[in-house]
Amino acid sequence: MNGFAFYDLITHCTQKSDSGETILSASKTKPADNVRAIRWEASTLTLLDQRRLPGEVIYRDYVDAVDIATAIHDMVVRGAPAIGITAAYGVVLAARKAYTKDPQAWQTLIQPDLDSLASSRPTAVNLHWALERMQSLFAGISGDPEPVLLQAAKDIHAEDVAANQAMGEVGAGIIGQCRAVLTHCNTGSLATGGYGTALGVIRSAYRRGNLQMVYVDETRPWLQGTRLTTWELMQDNIPVTLLADCAANYLMSRGEIEWVIVGADRIAANGDVANKIGTYGLAVAARHHSIRVMVVAPVSTFDLGIADGSHIPIEDRGPYEILQCGGHLIAPGGVNTWNPVFDVTPAGLIDVIVSEKGAIQAPDRQKIKALLV
Ligand code: MRU
């Protein structure tokens, strides 16, 4: 299965766009796991603009929490753990602004910015987990809050990378020798602090020499698979084959893959998993073809306050994403649309959930509680 060598068309130089943004071209030969979507440098949050990949690698600087909330909403940064880390740095900047305005009242003044961050996207629970962890420090802070909060945000960021590396080892151990896997959406360094969840397992398995091919579906309508996962795997020289979403069932029927490996945006107490729209269909098809399904997610993705998946809020991103393709309208004007961007896969269709605390085979309420509580 040969792919169009789009990547070879990317120019290999540094440029400035008309609006003055720095555009760094992609390189074909970077060392493995070189991609980072979130950086804190010189008192500023820098995000890799994922809306522009794979054609342009553009970093944007942020010093205001409301702009960060907009960046999360608009998908400059996306992926559950990455959203949580970004929000944590957003709290640092919100606290700086509030403290500069009034050092005595910063804990009150910060509230509107916290509300903006909290409402930026609804499904990934990592966002709320990170905000709660940051807010839990407020009561113990006297004086300038920035040093304490910045250290906490950096800790959240570093812990996420460490969790991903740990999950990579656990997951790679479970899949063992494996000819090929299918993954959905983007769960890699772009979606996390680094290394990735499902893509971290894939990275670890490939490094062990246990995996020969990664199949990636398009992940319509935002095309995280087409645009991001292919790019990230090519950066790290991991063999990847892109397929249309609707080709996944046929791939399974031909016996081409042994595992479907995905991430999660929220896992309910009973093991139901909210993840990128299309995950549920892949899990149904995988069960039909006796292909195993692995969900890879850090403990910050579990929401034990939600009994089952039916209570998970599912984001609807409106009509535009499905009315257009590549910026061109492709549907007749006035057509009704429905664009839920996540779905819920019942725990019964999942063979194993991998977290940094260990793996849960055939997940259920009791096993999840035993591992996490
Ligand atoms: O809408 P997105 O791109 O933020 O959705 C991302 C996903 O659904 C990922 O699969 C999920 O966040 C797990 S990523 C580590």
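Note that ligands are numbered from 1 as they come in the structure, with each ligand's atoms numbered from 1 the same way. No experiment lies behind these values; they were computed from the predicted model shown. Sequential numbering from 1 along the given sequence is applied to the chain's residues.
The two atoms that bring L117 and G90 nearest to each other are CD1-C, 3.8 Å, heavy atoms only. Annotation for V170 and A359: closest pair CG1-CB, 4.0 Å, computed over non-hydrogen atoms.
By the criterion of a heavy-atom distance under 4.0 Å, the side chain of C185, and not its backbone, is placed next to ligand 1. Residue contacts with ligand 1, taken as heavy atom pairs separated by less than 4.0 Å, do not involve W222 at all. Within the 4.0 Å heavy-atom criterion, the part of T197 lying near ligand 1 is the side chain and not the backbone.
Taking every non-hydrogen atom of P81 and a distance limit under 4.0 Å, the qualifying atoms of ligand 1 come out as 15 (C). Shown in contact with N275 at under 4.0 Å from a heavy atom are these atoms of ligand 1, numbered in order with element: 7 (C), 8 (O), 9 (C), 10 (O), 11 (C), 13 (C). Close contacts of ligand 1 with T192, meaning ligand atoms under 4.0 Å from a residue heavy atom, involve 15 (C). Residue contact check: K276 has heavy atoms under 4.0 Å from atoms 1 (O), 2 (P), 5 (O), 8 (O) of ligand 1. Atoms of ligand 1 found under 4.0 Å from any heavy atom of Q224, numbered from 1 in the order shown, are 1 (O), 2 (P), 3 (O). Every atom of ligand 1 is numbered from 1 in the order shown, and the set under 4.0 Å from a heavy atom of A191 is 14 (S), 15 (C). Ligand 1 places these atoms under 4.0 Å from at least one heavy atom of A80: 12 (O). Of all the atoms in ligand 1, the ones that sit under 4.0 Å from a non-hydrogen atom of F342 are 1 (O), 5 (O), 8 (O).
Contact analysis puts R121 in contact with ligand 1, with a non-hydrogen atom separation below 4.0 angstrom. For the ligand labelled ligand 1, residue D265 lies inside the 4.0 Å heavy-atom shell. Heavy-atom distances between M75 and ligand 1 reach below 4.0 Å in at least one pair. Heavy atoms of A124 come nearer than 4.0 angstrom to ligand 1 in no pair at all.
In summary, the side chains of Y320 and T337 do not present any donor paired with an acceptor at a separation below 3.5 Å, with no hydrogens or angles considered. R227 and N186 are not linked by any side-chain donor-acceptor pair at a separation below 3.5 angstrom, with hydrogens and angles left out of the test.
Here R207 does not pair with E169 in a salt bridge; the nearest charged N to carboxylate O distance is not below 4.0 Å. With respect to the salt-bridge test (charged N to carboxylate O, under 4.0 angstrom), the residues D33 and R36 qualify.
Among A264, G79, A274, the residue whose heavy atom sits closest to atom 13 (C) of ligand 1 is A264.
Within the 6.0 Å centre-distance limit, the rings of W106 and F138 are counted as a close aromatic pair.
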Candidate pair D49 and E56, rule side chain to side chain contact (heavy atoms under 4.5 Å, CB included), full reasoning: CA-CA 9 Å; D49 189 342; E56 296 168 321; over 6 Å; no
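Between Y89 and W40, the ring-plane angle classifies as parallel under the 30° and 60° cut-offs.
Using a 4.5 Å cut-off on side-chain heavy atoms (C-beta onward), Q165 and E356 make no contact.
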